[in-house]
Amino acid sequence: MESNLYRHLAGGQIGPYLRAAPRVFRQWSALRPQGEVFSPGRDGTVLVVRAADG
């Protein structure tokens, strides 16, 4: 989870979190990390899967 979004949730600031989450989704959707499966959620969460050797 993006750190600013986490701070909003930790502080109980749901409104600011919901307003910021779409911006974070747009930013993260443009990323294409090499060697990883990257799946941003519209709610500000992200799932990253990395293959490890061995």
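Along the sequence shown, the residues carry numbers beginning at 1.
By the side chain to side chain contact (heavy atoms under 4.5 Å, CB included) test, Arg19 pairs with Pro16, sequence neighbours left out. In this structure, Arg26 has no side chain to side chain donor-acceptor pair (under 3.5 Å) partners at least two apart in sequence or on a different chain. Scanning for side chain to side chain contact (heavy atoms under 4.5 Å, CB included) contacts around Val48 gives Glu36, Phe38, Val46, Arg50, with sequence neighbours left out.
Here the shortest heavy-atom pairing between Ala21 and Leu5 reads N-CD2, 3.8 Å.
Considering Asn4, Leu9, Val24 in turn, Leu9 is the only one that fulfils the side-chain contact (heavy atoms from CB on, under 4.5 Å) rule with Tyr17.
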